[in-house]
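The structure appears right after this line, and notes come after that.
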Amino acid sequence: MDLKAHIRDIPDFPQPGILFRDITPLLGNPTALQYSIDLFAEQVAEYRPDYIVGIESRGFIFGMPLAYKMGVGFAPVRKPGKLPAAVHAASYALEYGHDTIELHQDAFTPGSRVLIIDDLIATGGTAAATAQLVEQTGCTVAGFGFVIELVGLAGRAKLPDVPITVLLQY
Ligand code: AMP
């Protein structure tokens with residue numbers, strides 16, 4: 001199945017010069033939606049995760065059905081101030097300034113294997129910061145899964161040396 005046919009390119013969003021890869025047509029197509037979750041599940045099965053962590057907010061959309069399908073737990077990584085219990089926090093550089101993300105300290109049983117899911121990897125900063133959060137909980141990053149990789153930005157160079165699954169590359 002040609003998943004790329006269900007990704008819409010929006011120029012100059014959210015700011016001039018950015019070509020936004022919009023996954024909402026994929027979500028709206030029942031065949032493409034089911035196919036993308038099934039393909040993810042097939043490709044990451046060998047990572048043997050105990051949990052999936054989804055990165056706010058499009059990582060939730062793909063991470064949760066994948067956790068359900070694989071029969072593992074799910075935890076959200078969120079923007080600051082959203083999670084109610086004690087959190088670990090990690091900051092990462094943006095083009096201008098920095099961003100912070102948070103994960104509940106007790107999200108996982110220590111020693112677990114955690115698979116990190118997001119819709120897209122660009123510079124890799126968000127996913128690398130999520131890996132730090134997982135390590136702060138005393139767990140191991142079992143791998144990463146992205147629907148889309150923007151290959152030109154070389155984001156995977158920022159990630160720890162674990163397996164990476166991507167469904168589509170640009
Ligand atoms: P990065 O930390 O640079 O790898 O950015 C990844 C995050 O930003 C992901 O959560 C994506 O959803 C979002 N993102 C970055 N660039 C794009 C893009 N061109 N199209 C859609 N989403 C993007």
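Values in this document were obtained by computation on a predicted structure and should not be read as measured data. Order of listing sets the numbers, starting from 1, for every ligand and every atom in it.
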Flag, side chain of N29 to backbone of A32, donor-acceptor distance under 3.5 Å
yes
With distance as the sole test, does Q105 use its side chain to make a donor-acceptor pair with the main-chain N or O of V87 at under 3.5 Å?
yes
Tell me, please, whether Y170 has R21 positioned over its six-membered ring: NZ or CZ under 6.0 Å from the ring centre and within 45 degrees of its axis?
yes
Please check: side-chain N/O of E149 versus main-chain N/O of V166, any donor-acceptor pairing under 3.5 Å?
no
Taking atom types as modelled, find out whether T100 and Y92 have a side-chain donor-acceptor pair closer than 3.5 angstrom.
no
According to the interplanar angle, ranging from 0 to 90°, do the rings of F20 and F13 count as parallel (below 30°), tilted (30 to 60°) or perpendicular (above 60°)?
perpendicular
Those protein residues which place at least one heavy atom below 4.0 Å from ligand 1
L19, F20, R21, R58, D118, D119, L120, I121, A122, T123, G124, G125, T126, L150
